Novice: 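Have a look at this one before I ask anything.
We're numbering straight along the sequence, starting at 1. Only a predicted model underlies this, so the values are computations on that prediction, with no experimental measurement involved.
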Amino acid sequence: MRGTYTRWTQGPGGMLTADILGSDTNVQACPSTGTVLACVPDRPMSPDEARMVGVRLVEAAALADGDRSIRK
């Protein structure tokens, strides 16, 4: 059974968008192209906000890389 807390939402074309970032911050992963898109605010961020964005960027990289990141 899935919980009510998720970090990513899948949209059209398989694009994954991080859920819990602020309205002026956006991190997306596109597994079909193996790319990550990020839009961060043009303002200072608190250390907590910067860590949250950093974690989402690392997760986006892993999600975008998909099965290419698994050694076979």
Novice: Under 4.5 Å between side-chain heavy atoms, counting indirect links through other Ile/Leu/Val/Met/Phe/Trp/Tyr residues: same cluster for V40 and V55 or not?
Specialist: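 The answer is no; the residues belong to distinct hydrophobic clusters.
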
Novice: Checking S46 now: which residues fulfil side chain to side chain contact (heavy atoms under 4.5 Å, CB included) with it, not counting sequence neighbours?
Specialist: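 S46 satisfies side chain to side chain contact (heavy atoms under 4.5 Å, CB included) with D48, E49 only.
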
Novice: With L16 as reference, evaluate L63, V27, T9 under the side chain to side chain contact (heavy atoms under 4.5 Å, CB included) test and give the passing residue.
Specialist: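 Answer after filtering L63, V27, T9: L63.
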
Novice: Mind checking what makes side chain to side chain contact (heavy atoms under 4.5 Å, CB included) contact with A64, not counting sequence neighbours?
Specialist: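 Once residues adjacent in sequence are excluded, the partners of A64 under the side chain to side chain contact (heavy atoms under 4.5 Å, CB included) criterion are A29, V36.
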
Novice: Tell me the closest heavy-atom pair linking S32 and G13, and the distance in Å.
Specialist: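 Closest heavy-atom pair between S32 and G13: OG-O, 4.2 Å.
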
Novice: Quick one: side chain to side chain contact (heavy atoms under 4.5 Å, CB included) partners of C39, sequence neighbours excluded?
Specialist: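 Result, side chain to side chain contact (heavy atoms under 4.5 Å, CB included) vs C39: N26.
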
Novice: Among Ile, Leu, Val, Met, Phe, Trp and Tyr joined by side-chain contacts under 4.5 Å, find the other residues sharing a cluster with M15 and list them by chain and number.
Specialist: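 Direct or chained contacts put M15 with L37.
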
Novice: Under the salt bridge (Lys or Arg N to Asp or Glu O under 4.0 Å) rule, what pairs show up with a residue in residues 22-38, not counting sequence neighbours?
Specialist: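 Non-adjacent pairs meeting salt bridge (Lys or Arg N to Asp or Glu O under 4.0 Å): D24-R43.
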
Novice: Please list, chain by chain and in numerical order, all residues satisfying salt bridge (Lys or Arg N to Asp or Glu O under 4.0 Å) with D42, sequence neighbours excluded.
Specialist: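 D42 satisfies salt bridge (Lys or Arg N to Asp or Glu O under 4.0 Å) with no other residue.
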
